[in-house]
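Taking it in order: structure first as structure tokens, then the write-up.
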Amino acid sequence: MSDLLNYILQHEDAFRKNRLPSLYSDFTIQKRTNPDGYAVNVAAWEHALTSAARAGCISPSYAPGGTPLGSAPPITKSKPGEQRTGDHLVLRVDNYLLGDLELPEFGRPVALTAVIDEAIRKRTMIPLQLYRTTAGSLRKKSWTIIDTAALGPWNIMSWGMKQLRGFVVGSDTPDSLPELPAQELVLVENLKETANLVITQSAKHSPALTDRVYSKESFVAEYASILNQSTQLSPTDFDVLLLYLSRDTGAIAYDGQTIRFRSQNDSPTITQQDTTVSSLKTLISTISKQAEGLGNKIAELTATAKAALNNKNRISALAALRSKKLAEHNLKQKLDTLAQLEEVYISIERAAGQVEVVQAMEAGVNALRTLHAKIGGPERVENVVDDLREEMSKTDEIGNIINETALTVDEDEIDEELEAMEDAERQAKEDREVEDTLKRLADLDKAAKEAGRKTEAEEAVESDLAESIGKLSHMSIEESSEATKGRPLPAK
């Protein structure tokens, strides 16, 4: 099983075991009988191929002059510790892609041609050659791709028979399906995602001119793993990416060798200054790597000399030391050259910064000059201020005149009227207080009378009660004496 198919089966939910028969069948007939099912299958294949390319599971395509389309791409094996290179932004469509997607139990996906056609129609995939030659192809609503070889009489008649058979029977047989044409397609979603990542990462660097300029080799080295940390973009990917960044977004200026990330109001073309900075940075990087290699070589020769002395091999030790001296001399020259180049680079960086400062100051001067031109100079300002003062004095004069013509009010009469209102208010308040006092006295008198009547009633009740008690006591004594008269005296 290929890496591509293994990735799709492991990471794509739509490629569950129960869905594989439908995805590998000729589901093109569903376009008429079951449009929703047809759309689901097309979307599943398109998403699977795009995701697999993003993960670096697509075999790398090759630039013109390399392996032609339709022939088997050479297998490139990465060394231990090296990242694998694969196409992330370009999909190579041919019979070898069908072979990578083949399953023993279901064979090849016979409807993949329809998937590719739908992706091209929706502009989620764009033929690479068309994208390279047509500016603004990402924004076009539609285009016509005509293969003159497909317009022969036999092909036209065969197409008509297929349409007639499909109309009568309802589908093409698998044997009659068109063969997958060999082509390279730009994966638009992956391209835009990668470009956004590059722009975001470049924004984190210093805005100085020297830090915004790259050679193509240094650009490739820095952004090779921008989309996937485990794999690197292929040369075709970088060609498409640089074209998109320079032509379609305007984020960079690019002439095929030198790259400059553009700032606001920056030149859209590469200048001689950009080329010089790029060459200088490349040369510094190259000499630094050479110096590092010489340092490693000196260390190895030193170890070799020590080992030869331990083995009593004087000749080998002398040879190693002689080579070491030559390497040290070469390293010193490299380091001296590197120091000079770095000094030049720093001077250019400082000068570029000064240029930017001067340009900013010049822009400020132009802005102030434009504003002062609109103001008209100090004399005009003085005239405006004088006119303003004059108009303000006129306003004050007009106000005074209006106040003089207004109705005059007698202040003494107003004071007398206010005093009368206060006296009336005070008299009304005193009357309310007297009325409240009389009302409270009347309530107290009424309460006293009711208390007196209550006391007299209580005294009358007590008198009647005492009289009744006296009568009862008298009656009890008389009844007792009458009862003792008729009774015999007790015996002694």
Side-chain angles (χ1 to χ4, degrees), residues 1-9 12 15 20-29 41-77 84-121 124-131 145-152 154-155 158-159 162 171-187 190 234-237 240:
M1 183 180 297
S2 65
D3 292 341
L4 171 60
L5 185 57
N6 186 50
Y7 175 87
I8 292 176
L9 295 179
E12 293 296 317
F15 281 74
L20 292 178
S22 176
L23 291 168
Y24 274 78
S25 66
D26 178 20
F27 53 80
T28 54
I29 59 175
N41 287 338
V42 169
W45 272 112
E46 184 179 341
H47 185 272
L49 293 173
T50 302
S51 299
R54 185 185 296 110
C57 296
I58 304 293
S59 300
S61 57
Y62 297 89
T67 303
L69 287 171
S71 60
I75 299 175
T76 57
K77 297 182 179 180
R84 187 164 53 88
T85 300
D87 279 338
H88 300 73
L89 314 182
V90 176
L91 176 65
R92 180 185 175 116
V93 178
D94 54 17
N95 289 330
Y96 291 96
L97 176 64
L98 290 175
D100 287 342
L101 296 174
E102 186 174 358
L103 279 173
E105 58 269 39
F106 302 112
R108 297 184 174 187
V110 293
L112 192 60
T113 302
V115 174
I116 300 302
D117 291 343
E118 290 291 339
I120 293 175
R121 184 181 62 82
T124 55
M125 298 182 187
I126 301 176
L128 177 58
Q129 188 61 29
L130 176 67
Y131 179 71
I145 305 172
I146 300 178
D147 183 4
T148 55
L151 298 180
W154 174 254
N155 289 336
S158 299
W159 177 83
K162 289 179 181 179
S171 68
D172 289 338
T173 62
D175 294 337
S176 66
L177 288 173
E179 185 177 349
L180 187 65
Q183 57 182 326
E184 289 177 310
L185 303 173
V186 176
L187 302 174
N190 291 358
S234 68
T236 306
D237 287 341
V240 173

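Keep in mind that the numbers below use all heavy atoms, side chains included, and drop hydrogens, waters and symmetry copies. What you see is a predicted model; the values in this text were computed from it and never measured.
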Would you mind reporting whether [Y] and [X] have side-chain heavy atoms less than 4.5 Å apart?
| X | Y | value |
| --- | --- | --- |
| R121 | D117 | no |
| L20 | L9 | yes |
| L112 | V93 | no |
| Y131 | V90 | no |

Mark yes or no for whether D94, through its side chain, and L97, through its backbone, hold a donor-acceptor pair below 3.5 Å. yes

Looking at D237 and H88, would you say the former's side chain and the latter's main chain have a donor-acceptor pair under 3.5 Å? yes

Spacing of CG belonging to L101 relative to CH2 belonging to W45, to within rounding of 0.5 Å: 5.0 Å

Any chance you could measure M125, atom CE, to N190, atom CG, to the nearest 0.5 Å? 9.0 Å

Which heavy-atom pair separates [X] from [Y] by the least distance, and what is that distance?
| X | Y | result |
| --- | --- | --- |
| L98 | P109 | CD2-O, 3.8 Å |
| S51 | Y7 | O-OH, 3.6 Å |
| P21 | F106 | CG-CE2, 3.6 Å |

Could you pull out all residues at least two apart from [X] that satisfy side chain to side chain contact (heavy atoms under 4.5 Å, CB included)?
| X | answer |
| --- | --- |
| S25 | F27 |
| D3 | none |
| S2 | L4, L5, D100 |

Option from L130, L128, L91, I120 for which side-chain contact (heavy atoms from CB on, under 4.5 Å) with Q183 holds: I120

List for me each residue that meets side chain to side chain donor-acceptor pair (under 3.5 Å) alongside T124, sequence neighbours excluded, and say none if there are none. E46

Does a side chain donor of either S22 or N41 reach within less than 3.5 Å of an acceptor in the other side chain? yes

When you look at L187 and D87, which way does the side chain to side chain contact (heavy atoms under 4.5 Å, CB included) test go after all the steps? CA-CA 10 Å; L187 302 174; D87 279 338; over 6 Å; no

Could you give all pairs that pass the salt bridge (Lys or Arg N to Asp or Glu O under 4.0 Å) test and reach residues 102-113, with sequence neighbours left out? E102-R108

